[in-house]
Amino acid sequence: MKHQVPRMGSNRTGVQMSPLDARRMHEQHGEVAPVALQSPGAAASADMRARYIVDAAPLGSVPPPGSVKGVLNTGVAMISGNSPQLLLDKLGERLASERTATRICDALITKVRATQGDGDEALLPLDMLLTMREQEAGHFALVARCIEDLGGDSTAQTPGADLAGVEATGLLQAVSDPRTTVVQSLHALLISELADNNGWEMLVALAAAHRHTAMLREFERALDRERAHLQTVRAWFERHTLGAPRAPELPQ
Ligand SMILES: [Fe+2]
């Protein structure tokens, strides 16, 4: 694989490139504070953002379940004191995240294929990456089915789904950028897997709180697979960066 270690080059972004300007800046402004919250400009911009925060509408809403079964389920959950809309929102969030995880895997598969023959494919076996991609797509289908079983609309974008989509934008950009290496892309996948693990832990806890027993069992299986993904991606990343041992096999 090409250029896995960053090369030395004509990088001109640092202040050391212009010592005269740097000295003049220090004379006029003193030391540059890493977090300049106290500066007049930063305070004015924080004030302006605060006004928008106070006036802003919410990110969206959770549509009420449309089917009779869903309405009944919602009624039961409301009587027992749980918030069915919270479960539906978190399912919507997971649906968006699993879609993105699948796309991140697709982009990385393309990158690995494009750089095949460069010498160290064994460090990131394509068959394991394909398995991981299929499991992410399977989790997407599982969450969509659970939303429909609750009477929800799996095509609706809930507030959590909206947020997850925005958060993942940078990760997808990082992996899709043709200039990033496989190792750099692996870092984006690592962030995605960390969030996946936390998301599934949350869903397992919510399914238990709502006493959705069948759903709980399926979510626990998904969490097991996501824990294996995290372990594998972390091992790949450390292998490429530190020369650590080979990644363990993925459970099916
Ligand atoms: Fe995953």
Side-chain angles (χ1 to χ4, degrees), residues 87 89-113 121-147 154 157-158 160-177 180-208 212 215-241 244-252:
L87 178 60
D89 186 36
K90 285 292 167 193
L91 285 168
E93 176 189 309
R94 192 92 308 271
L95 191 71
S97 298
E98 294 299 323
R99 183 196 294 115
T100 303
T102 307
R103 287 175 179 166
I104 289 175
C105 285
D106 282 341
L108 186 54
I109 287 165
T110 302
K111 191 155 284 179
V112 170
R113 281 183 170 144
E121 291 87 353
L123 297 179
L124 202 168
L126 193 56
D127 58 337
M128 286 177 74
L129 194 52
L130 288 165
T131 300
M132 194 177 290
R133 189 260 180 224
E134 286 313 305
Q135 290 180 348
E136 303 291 9
H139 291 168
F140 173 84
L142 164 67
V143 177
R145 176 165 51 78
C146 289
I147 293 173
S154 61
Q157 177 161 277
T158 69
D162 191 342
L163 180 63
V166 173
E167 287 171 342
T169 305
L171 299 180
L172 258 179
Q173 281 180 347
V175 184
S176 305
D177 190 323
T180 54
T181 64
V182 169
V183 186
Q184 288 163 341
S185 303
L186 270 177
H187 189 260
L189 182 59
L190 181 59
I191 295 172
S192 166
E193 295 294 353
L194 283 164
D196 272 0
N197 271 250
N198 188 267
W200 280 108
E201 283 170 4
M202 185 70 72
L203 266 191
V204 164
L206 270 175
H212 290 300
M215 218 181 271
L216 174 62
R217 276 198 299 273
E218 294 199 89
F219 290 176
E220 284 173 337
R221 282 194 62 215
L223 176 58
D224 283 345
R225 281 192 220 102
E226 291 295 354
R227 283 180 172 148
H229 289 183
L230 179 57
Q231 198 184 2
T232 302
V233 174
R234 190 177 266 150
W236 283 340
F237 187 70
E238 289 175 0
R239 171 91 174 160
H240 278 284
T241 310
R246 211 175 155 175
E249 294 296 314
L250 275 179
Q252 296 300 310

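Counting starts at 1 for both ligands and their atoms, following the listed order. Only a predicted model underlies this, so the values are computations on that prediction, with no experimental measurement involved.
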*Is it true that R145 and E218 have a side-chain N and a carboxylate O under 4.0 angstrom from each other?*
yes
_Quick test of your reading of the model: are E136 and R225 salt-bridged, counting only N-O distances below 4.0 Å?_
no
*Within E136, is some N, O or S atom less than 2.8 Å away from the Fe ion (ligand 1)?*
yes
*Donor-acceptor pair between Q184 and H187 side chains, under 3.5 angstrom*: no
*Which atom, among the N/O/S set of E226, is closest to the Fe ion (ligand 1)?*
OE1
_Among the N/O/S atoms of E193, which is closest to the Fe ion (ligand 1)? Give the atom name._
OE1
*Would one find an N, O or S atom of H229, in either backbone or side chain, under 2.8 Å from the Fe ion (ligand 1)?*
yes
*Residue pair R94 / A195: nearest heavy atoms and the distance that separates them*: NH2-O, 3.9 Å
